[in-house]
Q: 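I have a structure I would like to understand better, so I am pasting it below and will then ask my questions one at a time.
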2 protein chains.
Amino acid sequence: MQIGEISDRSDISVRMLRYYEAKGLLRPHRTESGYRDYSPDDLEEARRIRQLANAGLTVEAMHDLLPCIISPEPTFHPCDRLRARLEAEIAKLDRKISDMERSRAQIAAYLEGLPCEGRRDSAILSSETA
Amino acid sequence: MQIGEISDRSDISVRMLRYYEAKGLLRPHRTESGYRDYSPDDLEEARRIRQLANAGLTVEAMHDLLPCIISPEPTFHPCDRLRARLEAEIAKLDRKISDMERSRAQIAAYLEGLPCEGRRDSAILSSETA
DNA sequence: CTGCACCCTGACAGCGCTGTTAAGGTCAAA
DNA sequence: TTTGACCTTAACAGCGCTGTCAGGGTGCAG
């Protein structure tokens with residue numbers, strides 16, 4: 001698959017796909033003429049990247065995290081450092097999640113009491129999935 | 001209180017406190033000589049700002065959200081627009097939270113199976129900052 | 001009055017991310 | 001062979017955020 005198709009199927013702009021590659025995530029091979037040629041696995045990885053990006057992770061964090069997520073078989077890697085890195089990243093995620101949930105609750109609570117349109121009938125704001 | 005103390009107590013740098021003010025969040029009054037003079041309420045607001053910032057919200061989003069969080073009495077405000085804005089922001093938060101939780105779970109799962117601390121060592125981490 | 005710690009504004013600079021544009025190559029279909 | 005869609009790299013540009021530095025004022029304590 002070439003980059004345009006990957007872009008469509010991963011919801012990542014062409015620009016960003018190239019950027020991620022420049023940063024060392026995602027390494028599609030190339031056709032003889034230099035076109036990027038993505039495998040289905042590459043597409044999977046692209047989607048994971050988007051997920052991590054949506055979660056607010058930096059490219060640098062993804063760089064450490066992706067090799068873990070991409071395959072279920074951990075290999076090589078200096079373990080102490082990696083483990084520490086992952087634990088740190090999880091801690092950061094937890095902090096962020098907690099902050100977001102608190103913020104969400106406050107906004108939702110406020111919304112609940114909003115003296116708006118005719119009345120508050122269907123207060124649909126306890127959705128949890130996306 | 002002056003800015004340095006607020007900075008200490010809110011964990012927001014002096015630079016960022018001024019930045020938030022420039023952006024229209026937080027409006028401490030000034031002493032005759034021009035010093036910012038923060039009230040305890042301002043400190044509270046600063047902490048909320050930090051929380052929202054930690055949650056990954058932009059200043060622009062905070063600008064819409066803060067007046068809701070800051071006081072329990074919603075007033076004025078073009079309600080339809082505000083309501084829509086808040087709901088959108090909540091949806092965005094939900095998406096982000098969901099992505100983060102999924103990412104967290106994957107990392108944690110990987111960490112679980114890490115063949116470490118008493119095991120093989122090997123290659124160097126390719127820390128390449130392209 | 002002198003120091004020193006703190007404050008002020010303004011500007012420059014850098015990072016991370018993202019879009020856009022320019023100049024040009026590839027490929028398949030007409 | 002020409003056309004048009006798609007690809008390539010490289011560079012510029014902008015936004016949001018954040019640190020830092022310069023040049024200067026304020027305020028309190030010695």
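For the numbers below, each heavy atom of this structure counts, side chains included, while hydrogens, waters and symmetry mates do not. Each chain gets a letter, A, B and so on, in the order its sequence line appears, and its residues count up from 1.
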Q: Counting primed atoms plus P, OP1 and OP2 as sugar-phosphate and everything else as base, spell out the protein contacts along nucleotides 10-21 of chain D at 4.0 Å heavy-atom distance: B, S or - for each nucleotide, 5' to 3'.
A: ------SSBBB-
Q: In plain terms, say whether Glu89(B) and Lys92(B) are close enough for a salt bridge, that is, a side-chain N and a carboxylate O under 4.0 Å apart.
A: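 Between Lys92(B) and Glu89(B) there is a salt bridge, with a charged N closer than 4.0 Å to a carboxylate O.
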Q: Name all residues meeting the side chain to side chain contact (heavy atoms under 4.5 Å, CB included) criterion together with Ala53(B); count only those two or more places apart in sequence or in a different chain, and write none if there are none.
A: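 Partners of Ala53(B) under the side chain to side chain contact (heavy atoms under 4.5 Å, CB included) test: Tyr20(B), Met62(B).
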Q: Between Leu17(A) (CG) and dG19(C) (P), how many Å, whole number?
A: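 The answer, rounded to whole Å, is 11 Å.
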Q: Partners of Ala55(B) by side chain to side chain contact (heavy atoms under 4.5 Å, CB included), sequence neighbours excluded?
A: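 For Ala55(B) the side chain to side chain contact (heavy atoms under 4.5 Å, CB included) partners, ignoring immediate neighbours, are Asp99(A), Met100(A), Ser103(A).
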Q: Can you tell me the distance, in whole Å, between the CE atom of Met1(B) and the P atom of dG27(D)?
A: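 Those two atoms, CE and P, are 18 Å apart.
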Q: Taking all heavy atoms of Gly4(B) and all of Val14(B), pick out the closest pair and write down the distance.
A: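 In this case the closest contact between Gly4(B) and Val14(B) is CA-CG2, 4.4 Å.
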Q: Just to confirm, is there a sub-4.0 Å distance from OP1 or OP2 of dT9(C) to any side-chain nitrogen or oxygen of Arg36(B)?
A: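 Yes, Arg36(B) has a side-chain N/O under 4.0 Å of OP1/OP2 on dT9(C).
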Q: When you check the phosphate oxygens OP1 and OP2 of dC7(D), does a side-chain N or O of Gln2(A) lie under 4.0 Å from one of them?
A: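 The answer is yes; a side-chain N or O of Gln2(A) sits under 4.0 Å from OP1 or OP2.
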Q: Identify, with sequence neighbours excluded, every residue that meets side-chain hydrogen bond (donor to acceptor under 3.5 Å, both in side chains) alongside Glu60(A).
A: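 Result, side-chain hydrogen bond (donor to acceptor under 3.5 Å, both in side chains) vs Glu60(A): Arg85(A).
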Q: Take the protein atom CD of Glu5(A) and the nucleotide atom C1' of dA5(D), then report the distance between them rounded to whole Å.
A: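 Those two atoms, CD and C1', are 14 Å apart.
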Q: Whole angstrom is fine here: how far is it from CZ in Arg30(B) over to C1' in dC8(C)?
A: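 From Arg30(B) CZ to dC8(C) C1': 8 Å.
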Q: Looking only at atom types and distance, does a side-chain atom of Asp37(A) sit under 3.5 Å from a main-chain N or O of Gln2(A), one as donor and one as acceptor?
A: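 Not at all, since once roles are kept as given, no pair shorter than 3.5 Å links the two residues.
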Q: Are there any protein N/O atoms within less than 3.5 Å of an N/O atom in nucleotides 25-28 of chain C, and if so, which ones and at what distance?
A:
| residue | atom | partner | partner atom | Å |
| --- | --- | --- | --- | --- |
| dG25(C) | N2 | Tyr35(A) | OH | 2.5 |
| dT26(C) | O4' | Tyr35(A) | OH | 3.2 |
| dT26(C) | O3' | Ser33(A) | OG | 3.4 |
| dT26(C) | O2 | Tyr35(A) | OH | 3.2 |
| dC27(C) | OP1 | Ser33(A) | OG | 3.2 |

Q: Can you tell me the distance, in whole Å, between the CD1 atom of Ile12(A) and the P atom of dG19(C)?
A: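 Distance check: Ile12(A) CD1 to dG19(C) P gives 11 Å.
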Q: Using a strict 4.0 Å threshold on nitrogen-to-oxygen distance, state whether Arg47(A) and Glu44(A) make a salt bridge.
A: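 The answer is yes: the pair qualifies as a salt bridge.
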Q: Are the side chain of Arg104(B) and the backbone of Asp94(A) linked by a donor-acceptor contact shorter than 3.5 Å?
A: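 Such a contact is absent between Arg104(B) side chain and Asp94(A) backbone.
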Q: Please give, in whole Å, the distance from dC8(C) P to Glu21(B) CD?
A: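 Rounded to the whole Å, the gap is 8 Å.
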Q: Just jot down the side chain to side chain contact (heavy atoms under 4.5 Å, CB included) partners of Arg15(A), sequence neighbours excluded, or say none.
A: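 Testing Arg15(A) for side chain to side chain contact (heavy atoms under 4.5 Å, CB included), a comparison that skips the adjacent residues, returns Ser13(A), Tyr19(A).
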